[in-house]
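Accompanying notes for the structure given below.
These values consider heavy atoms only, across backbone and side chains, with no hydrogens, waters or symmetry-generated copies. Lettering follows sequence order; numbering is per chain, from 1.
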2 protein chains.
Amino acid sequence: MAREPGVRREAILASAAALFARKGVAATTVRQIADDVGILSGSLYHHFDSKETMVDEIVSSFLKDLQHRYEQVLAEEIGARQRLHDLIVASLEVVEAHPHATEIYQNDVNFLLQFDRFDYLRNAGRQVQNVWLTVIEAGIAEGTFRADVDPKILYRLMRDAVWLSVRWFKPSADHPISSLAEDCTSLFLDGLTSRPKD
Amino acid sequence: MAREPGVRREAILASAAALFARKGVAATTVRQIADDVGILSGSLYHHFDSKETMVDEIVSSFLKDLQHRYEQVLAEEIGARQRLHDLIVASLEVVEAHPHATEIYQNDVNFLLQFDRFDYLRNAGRQVQNVWLTVIEAGIAEGTFRADVDPKILYRLMRDAVWLSVRWFKPSADHPISSLAEDCTSLFLDGLTSRPKD
DNA sequence: GTCTATAAGCTGATAGAC
DNA sequence: GTCTATCAGCTTATAGAC
């Protein structure tokens, strides 16, 4: 028992992710990661060849999951309103599944993009934008969404509001992500203005 | 001419702010700052006693400006809808006036909060929240804003959407901040849903 | 006000014993 | 798979000449 391969490896990634998220990748040292795991810093290099590799695994598994869920949303043949809602739900589910990776991505993309090995992050960001734009533009085309604001601006405003929730929203039984998803959808679709019920 | 005191000092702060914003505070070295200014790193210490002091001046002047503009918005005796709009405009004007400081604050607050000297950032964040909540709650009380979503959640969603625009919005003659402010206000107040004109 | 020179400590990473 | 021991390089910061 307790002999599965890579258990230690996963523990290291978990410690690293939490530290990277809290203090930033550049400010987190391999010694701090090792301390958190309970080994010496040199021993980390039996499992990973560099600190960058740890970040890479954390962030790329997050992006892989995200792309998978976004594909499912795109495949749905439903109204724009419902599809935007599902896109928000998918995003928040990824936030819940990868809170540290989400925070690392939000805070440190610029830093990571300095290194060649993280060039793929540019494409990932572009793909995410394409999914949102597809949903928004379909909504405009079908007449559900307003056409008087640039879809790209709508995308960026909603994207930042949704993703940055990782910094403050802690899901609980009382307040699950589905509840936040409803609030987001409701605010973005219907606005803050008080309106008589239909 | 060109003998005003502190010209060099300001040039150093400008270089530092740009580098801190682009690569993060922790990942920016005093040598890079000095290189950018065109002097040697040791010479920086004639003007500042530490790297932290540079960050401190950049961020605190940003917050000072922000607090001043927010006070003016709070003092307005107008409808909630207009006041929320003015709050968004005030925020975007501060973004425009202090783009680097805004980005540093957005990306590196967590990192800075590790140091005792940046404890004041906690209060600053709380004050900002109070201003937004005052405006939102006044709107609910007067019946203009919907009461079915927690004001704190509304605040956080709008805050992140507005402030993170520093990462992608570059004001131009064709697209000034007033234009972005209209788009934000319009999205938040009226929503994405297409509606017949009144 | 900038330079030269350098300190003292921390950084990521490696080699080899156990 | 972890430890011991260590390296080379970089970090912030300082002291004193110019």
Polar side chain donor-acceptor pair, [X] to [Y], under 3.5 angstrom:
X: A:T53; Y: A:D49; result: yes
X: A:R146; Y: B:S186; result: yes
X: B:Q82; Y: B:D86; result: yes

For [X] and [N], give me the distance from atom [atom1] to atom [atom2], rounded to whole Å.
X: A:L44; N: D:dG1; atom1: CG; atom2: P; value: 14 Å
X: A:I33; N: D:dT2; atom1: CD1; atom2: P; value: 15 Å
X: A:R8; N: D:dT2; atom1: CZ; atom2: C1'; value: 9 Å
X: B:H47; N: C:dG1; atom1: NE2; atom2: P; value: 6 Å

- Query: Is the distance from OP1 or OP2 of D:dT2 to the nearest side-chain N or O of A:H46 less than 4.0 Å?
  - Reply: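 For A:H46, the contact criterion (side-chain N or O under 4.0 Å from OP1 or OP2 of D:dT2) is not met.
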
- Distance-minimising heavy-atom pair for B:M54 and B:L13: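 What the structure gives for the nearest pair is O-CD2, 3.9 Å.
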
- Message: Walk along nucleotides 4-18 of chain C from 5' to 3' and tag each nucleotide B, S or - by protein heavy-atom contact under 4.0 Å, base first, then sugar-phosphate.
- Response: B------BBBB----

- Derivation and outcome, side chain to side chain donor-acceptor pair (under 3.5 Å), residues B:R22 and B:T28: CA-CA 9 Å; B:R22 198 171 72 237; B:T28 300; over 6 Å; no

- Task: Please test B:Y45 against B:S50 for side chain to side chain donor-acceptor pair (under 3.5 Å), starting from the C-alpha separation and ending with a verdict.
- Result: CA-CA 7 Å; B:Y45 292 84; B:S50 72; over 6 Å; no

